[in-house]
Amino acid sequence: MQQVPTGGPRARLRFGRFDYAAFLTFASYAASSLAIPVVLVEMAEDLRFPLLEGGMATGGSFQVVRSLAMCASMVFAGFAAARWGNRRSLGVAVGTMGAGLLLCAFAPSYLLVLPALLFAGLGEGVVEGLGTPFVQDMHRDDPGRYVNFTHGFWSLGTFAFALLAGAALVWRVHWRAILAAVALVALLPVLLLFLPSRTPYPERAQADPPSRTWRRLVELLRTRRFWLFFAAMFFAGGGEYCLTFWSTSFVRLNFRTSAFAGALGTAAFSAGMFLGRTGFGSYVPQRHLKRLVVTVGLFGAAVSALVVPFALHADALPPGAVKPALFLLLFLCGVGSAPFWPSIQSLCVDRLPRLDSTLAFIVLSCAGVPGCGFFTWLMGLAGDRFGLARSFALVPLSYLVMVALVLAAAPARRGRSGSNGMVRLAGIEPTTFSSGG
């Protein structure tokens, strides 16, 4: 893979076969994770757990099962990458993710959706753990820009899928067909990863003995400050995915809108995430990463706190202004949620450079993913008891706790001029990585 010179932020990005595989992997992963939330209302009616009749906790439990499976496979991802390499491990994982979602499409009851999601989650966990190291190892001279650019396809995938799925539901396409289509799209990156290529993927480590990986993992887990970053990821993932998972149902049920309008709500949030992530990544240097997380965390807490009073008092607005104001609010929530996941990971590895970076990314994701599942379920439980609108109060609370943890985990540096320069969001200087996956 041809390397890009590090001569400045305007150096042209150059992509190859495996870069495009990474783009499609992130986009299909995004569509897979969003597929259930977007069709949840139709699925609930068809599988007989209506959301307005105490079924929100059941809907939230789908994400809990998925998260548990993801955590189990993320622990395995580091050993798989060390033994078989990033490319093959990632290819098998994307195929597993697609197969699990295809099983969901044929499930006759919600009880059988759970094991199918468990299977899909096993693949998604490896994708979550190895997606970033996969890109990093292709561009070791300038990883930050490529990692950030590739992560943008997550938000782009959620935005595009929300619009397409919403339109399909309006056109009365069955929710099972939508899930099956997402599963088939996952085959595209699998083909790119496994078909013969003139330029081989640059695996950094293969057949690494498990004992060495265990030693690196033990060193990671014995670092006290690492656990503060770990806890921050738990709350960051929880706040972000509450908005991702419940936005469509919130718009549809609380404002009695169409399936397409509900999908537009998720698309507005995803658009804010995409623009925020790429924008912050383009202009915020690595040395200001902590300030970015804290500032945007406070902004995200403020705008998400407006969701509850807006939903409860929307009748006071002119009818024609409700939807535009709602979509604008969700867009701002997306901007206020954008940088946390990659930035906390990057900040952790930057402040604790002796740790194995690949394992750090994986273990931190093992905090963010359970945060997604736990808060999604908790929000559904609160929605059953207090109403879905009031349950959105969990989002600003989680962001405020996240800010406090980041401040504790990354105290101000002394006697350092910030020589890292304009390293992009979620990007780290090559010397920061102790090893690759």
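The side-chain heavy atoms of V293 and P339, taken from C-beta on, include no pair separated by under 4.5 Å. Within the 4.5 Å cutoff, the side chain of P37 has no heavy atoms near those of the T244 side chain. Looking at F26 and L156, their side chains never come closer than 4.5 Å, going by heavy atoms from C-beta outward. A 4.5 Å side-chain heavy-atom check between S343 and L292 finds at least one atom pair inside the cut-off. F161 is listed as a side-chain neighbour of I178, based on a closest heavy-atom distance under 4.5 Å. Side-chain contact between V126 and V92 is absent, with no heavy atoms from C-beta onward closer than 4.5 Å. Using a 4.5 Å heavy-atom threshold, the side chains of V39 and T248 count as separate. Side-chain atoms of V251 and L264, non-hydrogen and from C-beta on, never get closer than 4.5 Å to each other.
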Next on the checklist: Let's go through M233 and V369 carefully: what are the C-alpha distance in whole Å and the side-chain angles of both, what is the deciding distance for side chain to side chain contact (heavy atoms under 4.5 Å, CB included) to 0.1 Å, and is it a yes or a no?
Outcome noted: CA-CA 9 Å; M233 281 290 294; V369 169; over 6 Å; no
Checklist entry - Is there a ring-ring contact (aromatic ring centres under 6.0 Å, His included) between F392 and F250 once you walk through the steps? => result CA-CA 10 Å; F392 272 85; F250 168 65; 4.7 Å; yes
Next on the checklist: Run the side-chain hydrogen bond (donor to acceptor under 3.5 Å, both in side chains) test on E128 and S73 for me, step by step, so that the C-alpha distance in whole Å, both residues' side-chain angles and the decisive distance to 0.1 Å come before the verdict.
Outcome noted: CA-CA 10 Å; E128 177 65 45; S73 62; over 6 Å; no
Checklist entry - Where do V401 and L397 land on the side chain to side chain contact (heavy atoms under 4.5 Å, CB included) test, with the steps shown first? => result CA-CA 6 Å; V401 175; L397 289 175; 5.7 Å; no
Item to check | M273/W341 under side chain to side chain contact (heavy atoms under 4.5 Å, CB included): CA gap, chis, key distance, verdict | outcome: CA-CA 11 Å; M273 285 274 290; W341 195 286; over 6 Å; no
Item to check | Trace of the side chain to side chain contact (heavy atoms under 4.5 Å, CB included) decision for F23 with T150 | outcome: CA-CA 6 Å; F23 300 161; T150 306; 3.5 Å; yes
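Taking the six-membered ring where tryptophan is involved, the planes of F310 and F255 are tilted, since the angle between them lies from 30° to 60°. By the 30° and 60° cut-offs, the orientation of the rings of F230 relative to F226 is tilted. Ring geometry for F134 versus F18: interplanar angle over 60°, hence perpendicular rather than tilted (30 to 60°).
For D46 (side chain) and M43 (main-chain N/O), no donor-acceptor pair under 3.5 Å exists by modelled atom type.
Considering CG of L163 and OG1 of T266, their distance stands at 9.5 Å, rounded to 0.5 Å.
Screening F235, Y399, F245 for a ring-ring contact (aromatic ring centres under 6.0 Å, His included) involving F375 leaves a single residue, F235.
The shortest heavy-atom contact between I344 and A236 is CD1-CB, 3.9 Å. Minimum interatomic distance between A105 and A180 (heavy atoms only, all atoms of both residues): CB-N, 3.9 Å.
Within a 6.0 Å sphere centred on CZ of R385, heavy atoms belonging to other residues, nucleotides or ligands number 12 at most. Heavy atoms from other residues, nucleotides or ligands lying under 6.0 Å from CZ of R176 number more than 12.
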